[in-house]
Amino acid sequence: ILTCSNTAVTDIVLEAAESGITIQGPTLAGSDAVLDRGNTASTSHVFDLIDADNVTLSHLDITGAYYGVYADSSSDSDGLTISDSEIYSNTNGGIYLYQSNDGARLLNNQVHDNGSYYGIRISGEDAQVTGGEVFANATGIYLTGANSAVDAVEVYGNTVRNNADGIAGKAASRGTSSLYGPRQLRNLHVHDNLIAMTIGQTGILDGSNSSGGKVFTLWNNRFQHNTY
C-alpha cells in the first residue's frame with residue numbers, strides 16, 4: 001500500500017483464501033497508510049479475520065471502527081502478525097483476538113485511544129506482545145478466555161501508560177455456555193514492561209476464587225521485572 005488515507009466502506013474481510021497474505025504500508029518516516037473504517041457500529045471493523053492463517057499486517061494506521069482488528073471465537077485465524085502499526089480511535093477496542101486464534105505476534109505497535117474496553121485483548125494461546133506502546137485505553141492489555149484457556153502468552157518490553165487499567169490477566173467462572181464458560185489462565189509471563197498509571201489495577205484476578213487459588217500457584221502465571 002502506498003501513502004494514502006482511505007475510508008473503508010466495508011470491513012476488510014480476510015478468509016482462508018487470504019492465508020499467508022502480507023498487507024504492508026510505507027516504511028519511510030512521515031509516510032502513512034491510513035485505513036479508516038468511518039463506521040463505529042458494533043459490526044464494523046477495519047480488519048475481520050475468518051479462518052485466515054499466517055496473515056501479516058505491517059506499517060498501517062487502523063482507525064475509525066468498533067474494533068480495529070477483530071477475530072471472533074469461531075475464526076480460527078492462527079499465526080497473525082501485526083507489526084509497526086498504529087491502532088487508534090476505535091470505539092470499543094483496538095485489537096480483539098478471541099479464543100481459537102492462536103500464535104499471534106503483536107510487535108512494535110502503538111495502540112491508543114480505543115474507546116470503552118481494551119487496547120489489546122487476547123483470548124488465544126501462544127501469543128506474544130512486545131515492543132509496543134499502549135496508552136489512553138480503558139484496559140491497556142487484557143488476557144482472558146471465554147470457556148477456554150489463555151495459555152503460554154508472553155507480554156514483555158512494552159510501555160503501558162495512562163490506561164484506566166494496565167495489564168490484566170483474569171481467571172473466572174461464568175457458567176457453562178460456550179460464550180461465557182470458565183476462563184483459565186496458564187503459563188502467562190508478563191515481564192520487563194514499563195507500566196505507568198495513576199488509577200486502576202495491574203496483575204492477575206481470580207474472579208470469585210474460581211480456580212481455588214491455582215491461578216496464583218500451580219498454573220505458572222508470572223509478573224516479573226516490570227517497572228511501575
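One-based numbering along the sequence shown. All values reported here derive from a predicted model rather than from experimental measurement. FYI, side chains are in, hydrogens and waters are out, and symmetry mates aren't considered; it's all heavy atoms of this structure.
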Which pairs with one or both residues in residues 8-35 pass ring pair (Phe, Tyr, Trp, His ring centres under 6.0 Å), sequence neighbours excluded?
-> none
Just grab all the salt bridge (charged side-chain N to carboxylate O under 4.0 Å, His left out) pairs involving residues 64-87, residues at least two apart or on different chains.
-> none
Exactly one candidate in Leu143, Ile120, Asn226, Val134 meets side-chain contact (heavy atoms from CB on, under 4.5 Å) with Val155; the answer is Leu143
Ring pair (Phe, Tyr, Trp, His ring centres under 6.0 Å) against His59, all qualifying residues, sequence neighbours excluded | none
So ring pair (Phe, Tyr, Trp, His ring centres under 6.0 Å) across residues 15-52, not counting sequence neighbours, yields His45-Tyr67, His45-Tyr70
Transitive ILVMFWY cluster of Ile50 at side-chain heavy atoms under 4.5 Å: who else is in it?
-> Val13
Among all residues two or more places apart in sequence or in another chain, which pass the salt bridge (Lys or Arg N to Asp or Glu O under 4.0 Å) test with Asp126?
-> Arg105
Would you say Ile141 and Thr139 make side-chain contact, with heavy atoms under 4.5 Å?
-> no
Please name all residues satisfying ring pair (Phe, Tyr, Trp, His ring centres under 6.0 Å) with Tyr156, sequence neighbours left out, ordered by chain then number.
-> His191
Would you please name every residue forming a salt bridge (Lys or Arg N to Asp or Glu O under 4.0 Å) with Asp11, sequence neighbours left out?
-> Arg37
In terms of heavy-atom contacts, Ser116 and Ala138 come closest through O-CB, 3.4 Å
Asn221: what forms a side-chain hydrogen bond (donor to acceptor under 3.5 Å, both in side chains) with it, not counting sequence neighbours?
-> none
Mind checking what makes salt bridge (Lys or Arg N to Asp or Glu O under 4.0 Å) contact with Glu18, not counting sequence neighbours?
-> none
Is there a side-chain contact between Thr81 and Val55 (heavy atoms, below 4.5 Å)?
-> no
Quick one: ring pair (Phe, Tyr, Trp, His ring centres under 6.0 Å) partners of Phe223, sequence neighbours excluded?
-> none
What residues form a ring pair (Phe, Tyr, Trp, His ring centres under 6.0 Å) with Tyr142, not counting sequence neighbours?
-> Tyr118
Check Asn101, Thr56, Leu97 against Leu80 for a side-chain contact (heavy atoms from CB on, under 4.5 Å) and give me the one that passes.
-> Leu97
Taking Ser85 for the side chain and Leu60 for the main chain, is one N or O donor matched with an acceptor at less than 3.5 Å?
-> yes
